[in-house]
Amino acid sequence: MATAQDFQPLVGQTVRIRAAKSASSRTKNRIREHSGSTTGLKVEKVAAIDTPSIKGRDAVLFDSIDTDWWGWLAVEEIELVP
C-alpha cells in the first residue's frame with residue numbers, strides 16, 4: 001500500500017497504479033476505466049480531502065492521459081506499479 005509521502009515527489013509526473021486488495025469498487029472502476037495499460041495517470045496533487053467517497057483520508061488527484069477524467073483516489077486504496 002502506498003502512502004501520501006510516496007506520491008508527493010511524483011506531482012507532475014505520470015505513474016502507473018493498481019488497486020490495493022482492500023480497494024473500494026469505486027477505486028477499482030476508476031483505475032480500470034481511466035488508467036491506460038501503457039500511459040498511466042498524471043499526479044496533480046496530494047492532500048487529505050473530505051468527500052463522501054474519500055472521507056478525510058489522504059488522497060491523490062489524478063488526471064487521465066487517455067480519457068477526459070480527473071479525480072481523487074484514496075492513497076490507502078492504490079499501489080504504485082514499478
Side-chain angles (χ1 to χ4, degrees):
M1 178 172 56
T3 66
Q5 291 80 14
D6 295 328
F7 283 97
Q8 195 62 48
L10 300 174
V11 171
Q13 296 182 38
T14 300
V15 299
R16 292 184 57 220
I17 60 170
R18 64 179 165 234
K21 291 180 182 175
S22 61
S24 66
S25 58
R26 174 190 175 275
T27 294
K28 291 175 184 175
N29 287 338
R30 295 304 179 277
I31 293 170
R32 180 178 41 79
E33 294 166 354
H34 303 293
S35 177
S37 60
T38 58
T39 55
L41 298 165
K42 184 177 177 190
V43 178
E44 295 290 343
K45 187 175 183 178
V46 180
I49 62 164
D50 194 18
T51 65
S53 58
I54 305 294
K55 301 175 185 163
R57 298 178 288 171
D58 286 336
V60 180
L61 178 62
F62 288 106
D63 186 3
S64 175
I65 303 301
D66 292 339
T67 69
D68 254 357
W69 178 82
W70 60 270
W72 293 95
L73 296 177
V75 170
E76 65 191 40
E77 295 189 14
I78 55 179
E79 299 173 348
L80 284 165
V81 175

inquiry  = Glu44: which residues meet the salt bridge (charged side-chain N to carboxylate O under 4.0 Å, His left out) condition with it, sequence neighbours left out?
reply    = Lys42
task = For Arg26, check salt bridge (charged side-chain N to carboxylate O under 4.0 Å, His left out) against everything at least two apart and list the hits.
result = none
message = Are the side chains of Phe7 and Asp58 in contact, using a 4.5 Å heavy-atom criterion?
response = no
key: Leu73 and Val60, any side-chain heavy atoms less than 4.5 Å apart   = no
Is it the case that one hydrophobic cluster holds both [X] and [Y], taking links as side-chain heavy atoms less than 4.5 Å apart, direct or via other members?
{"X": "Ile49", "Y": "Trp70", "value": "yes"}
{"X": "Val75", "Y": "Val15", "value": "yes"}
{"X": "Trp72", "Y": "Leu41", "value": "no"}

Do you know the tightest heavy-atom contact between [X] and [Y]?
{"X": "Gln8", "Y": "Val46", "answer": "OE1-CB, 3.3 Å"}
{"X": "Ser35", "Y": "Gly40", "answer": "OG-CA, 4.0 Å"}
{"X": "Ala19", "Y": "Ile31", "answer": "N-CD1, 3.6 Å"}
{"X": "Ala48", "Y": "Gly56", "answer": "CB-O, 4.0 Å"}

key: Pairs flagged by ring-ring contact (aromatic ring centres under 6.0 Å, His included) wherever residues 38-60 is involved - sequence neighbours left out   = none
query = Side chains of Ser24 and Glu77: donor-acceptor distance under 3.5 Å anywhere?
reply = yes
request  = Please step through side-chain contact (heavy atoms from CB on, under 4.5 Å) for the pair Leu80 and Leu10, ending with a clear verdict.
outcome  = CA-CA 11 Å; Leu80 284 165; Leu10 300 174; 4.0 Å; yes
Lys28, NZ atom: more than 12 neighbouring heavy atoms under 6.0 Å = yes
Flag, side chain of Arg57 to backbone of Ile54, donor-acceptor distance under 3.5 Å = yes
Aromatic plane relationship, His34 with Trp69 - under 30° parallel, 30 to 60° tilted, over 60° perpendicular = parallel
